[in-house]
Amino acid sequence: MLLTIDVGNTRIKAAVFEQNRLVELFVFTKEVFLTETNFILNKFPKIKSLVVASVGNVEKELFLSLKNKAEIHFITRESKFPFTNLYSTPTTLGIDRMVLASGAVTQFPNQNRLVIDMGTCITYDFIDENDNYLGGAISPGIRLRYESLHQHTAKLPLLTKNYPKSFIGNSTQESIHSGVINGVALEIDGFIELYKTQYAKFIIILTGGDAEFLAIQLKNTIFANSNFLLESLNQTFQYNQK
């Protein structure tokens with residue numbers, strides 16, 4: 001058994017895998033990292049390896065403190081990936097984006113792929129049918145947009161995500177929901193249309209914490225999987241073990 005851990009900017013997601021089957025999913029905050037991780041390892045004593053991808057601020061030593069319970073493997077830029085990285089600044093490419101690209105290549109071979117990750121930031125990553133990673137885009141995620149409107153204005157309230165009743169907001173709250181949610185949906189659909197001008201066919205993978213929430217707002221056909229990064233971590237680890 002294998003435990004994959006994705007340390008994001010706002011929370012930690014972990015998944016237990018039996019080969020390629022996701023057995024159980026866990027989500028928790030950084031403050032309870034050791035408690036929760038020890039709980040998982042005790043619940044699943046057959047876990048032999050712990051695989052980590054981190055963009056957040058969890059100290060490496062915390063993971064290493066668990067080495068008596070499982071082998072610790074960090075996915076880094078020095079790991080092997082099943083694609084050619086054509087990013088002009090490869091040392092600045094986030095490890096989470098590299099893992100997502102790796103999963104896209106592994107799960108959807110021999111085709112163009114656009115991976116859209118709906119996390120704290122929205123990231124777009126394009127890998128062509130020849131397994132070349134070309135790059136993408138980064139923009140603020142849903143929560144950041146709500147927070148930005150509240151923090152950088154005098155009177156706009158801080159709201160939590162909610163589907164707008166109409167694209168014409170008839171109150172301040174509804175106007176914010178329309179601006180944020182419809183704005184994100186139109187942005188994503190707009191990016192997809194831009195890619196269509198250069199690529200006749202590609203698969204769209206939508207993932208991240210807001211993936212399922214936003215999927216119904218989009219007009220394009222997509223493959224939505226909120227756990228795609230954790231699955232990609234498992235597959236990247238398997239790829240490095242070969």
Side-chain angles (χ1 to χ4, degrees), residues 2-15 17 20 22 25 30 49-60 63 71-141 144 188 191-192 195 199 202-211 222-242:
L2 177 75
L3 174 63
T4 62
I5 296 183
D6 165 32
V7 182
N9 290 301
T10 57
R11 60 180 183 170
I12 296 173
K13 294 180 70 176
F17 286 90
N20 287 324
L22 198 159
L25 178 70
K30 299 171 187 177
S49 298
L50 191 156
V51 183
V52 184
S54 175
V55 296
N57 296 317
V58 173
E59 297 295 332
K60 189 174 182 179
F63 290 102
E71 291 186 9
I72 313 299
H73 302 269
F74 295 95
I75 301 298
T76 68
R77 291 184 183 87
E78 286 68 47
S79 302
K80 293 185 294 183
F81 294 92
F83 59 84
T84 301
N85 191 347
L86 299 183
Y87 211 48
S88 65
T89 55
T91 59
T92 68
L93 182 60
I95 193 64
D96 53 337
R97 298 175 70 187
M98 296 180 72
V99 169
L100 288 169
S102 179
V105 170
T106 303
Q107 288 198 38
F108 304 97
N110 306 315
Q111 55 188 306
N112 296 315
R113 314 94 167 168
L114 174 62
V115 185
I116 305 170
D117 185 12
M118 298 286 303
T120 302
C121 293
I122 303 171
T123 59
Y124 302 79
D125 296 287
F126 195 84
I127 312 95
D128 70 16
E129 61 186 352
N130 297 313
D131 299 337
N132 294 309
Y133 176 88
L134 303 183
I138 304 172
S139 70
L144 280 183
I188 291 174
F191 267 115
I192 291 170
Y195 279 100
Y199 298 91
F202 55 92
I203 187 168
I204 305 162
I205 306 157
L206 185 69
T207 189
D210 291 325
I222 59 172
F223 172 75
N225 180 358
S226 60
N227 299 320
F228 189 72
L229 193 145
L230 291 168
E231 294 176 4
S232 298
L233 258 180
N234 177 43
Q235 291 156 359
T236 303
F237 172 74
Q238 304 297 343
Y239 180 81
N240 275 266
Q241 294 299 106
K242 294 179 181 179

### Task
Kindly indicate whether the side chain of Gln238, heavy atoms from C-beta on, has any atom under 4.5 Å from the side chain of Phe17.
no
### Message
Do the side chains of Asp131 and Arg113 get close enough for a salt bridge, i.e. N-O under 4.0 angstrom?
### Response
yes
### Message
Using 0.5 Å steps for rounding, measure from the OG1 atom of Thr120 to the CG atom of Asp210.
### Response
9.0 Å
### Task
Nearest 0.5 Å please: distance from the CG atom of Asn110 over to the CG atom of Asp128.
11.0 Å
### Message
My understanding is that only one of Thr4, Thr106, Asn20 makes a side-chain hydrogen bond (donor to acceptor under 3.5 Å, both in side chains) with Asn234; could you say which?
### Response
Asn20
### Summary
Taken to the nearest 0.5 Å, the spacing of Cys121 SG from Ile138 CD1 works out to 6.5 Å
### Task
To the nearest 0.5 angstrom, please state how far the CG atom of Leu100 sits from the CZ atom of Phe228.
6.5 Å
### Task
Using the side chain to side chain contact (heavy atoms under 4.5 Å, CB included) rule, pick out the option among Ile188, Asp117, Ile192 that qualifies with Tyr124.
Ile188
### Query
For Thr123 and Asp125, which heavy atoms make the closest approach, and how far apart are they?
OG1-OD2, 3.8 Å
### Task
List the steps and the verdict of side chain to side chain contact (heavy atoms under 4.5 Å, CB included) for Arg77 and Asn85.
CA-CA 10 Å; Arg77 291 184 183 87; Asn85 191 347; over 6 Å; no
#### Entry: Partners passing side-chain hydrogen bond (donor to acceptor under 3.5 Å, both in side chains) against Glu78 (at least two apart in sequence or in another chain)
Thr76
### Message
If I take atom CG from residue Leu50 and atom CZ from residue Phe237, how far apart are they, to the nearest 0.5 angstrom?
### Response
10.0 Å
### Query
Under 30°, 30 to 60°, or over 60°: which ring-plane class applies to Phe108 and Phe223, parallel, tilted or perpendicular?
perpendicular
### Minimum-distance pair of heavy atoms, taken over all atoms of Leu230 and Ala15
CD1-CB, 3.8 Å
### Task
For Val99 and Phe81, work out which heavy atoms get closest and say how close.
N-CE2, 4.3 Å
### Query
Which atom pair, heavy atoms only, marks the closest approach of Val105 to Pro82?
CG1-O, 3.3 Å
### Task
Identify the residue among Ile116, Leu114, Val115 that makes a side chain to side chain contact (heavy atoms under 4.5 Å, CB included) with Ile205.
Val115
### Message
Tell me if a side-chain donor or acceptor on Lys80 pairs with a main-chain N or O of Gln241 at a distance below 3.5 Å.
### Response
no
### Message
I'd like to check the side-chain contact (heavy atoms from CB on, under 4.5 Å) partners of Ala14; sequence neighbours left out, ordered by chain and number.
### Response
Leu3, Ile5, Phe26, Phe28, Ile40
### Message
Quick one: does any side-chain atom of Asn225 pair with a main-chain N or O of Thr207 as donor and acceptor, under 3.5 Å?
### Response
no
#### Entry: Aromatic ring pairing Tyr133/Phe83, orientation class (parallel under 30°, perpendicular over 60°, tilted between)
tilted
### Query
Does Met98 offer a backbone N or O that forms a donor-acceptor pair with the side chain of Ser102 under 3.5 Å?
no
### Query
Which heavy atom of Gly135 sits nearest a heavy atom of Arg97, and at what distance?
C-NH2, 4.3 Å
### Message
Using 0.5 Å steps for rounding, measure from the CD1 atom of Ile122 to the OG atom of Ser139.
### Response
4.0 Å
### Task
Using atom types as modelled and distance alone, determine if a side-chain donor or acceptor of Asn132 lies under 3.5 Å from a backbone N or O of Leu134.
no
#### Entry: pair Leu233-Leu229: side-chain heavy atoms closer than 4.5 Å
yes
### Query
What orientation do Tyr195 and Phe191 show, parallel under 30°, tilted 30 to 60°, or perpendicular over 60°?
tilted
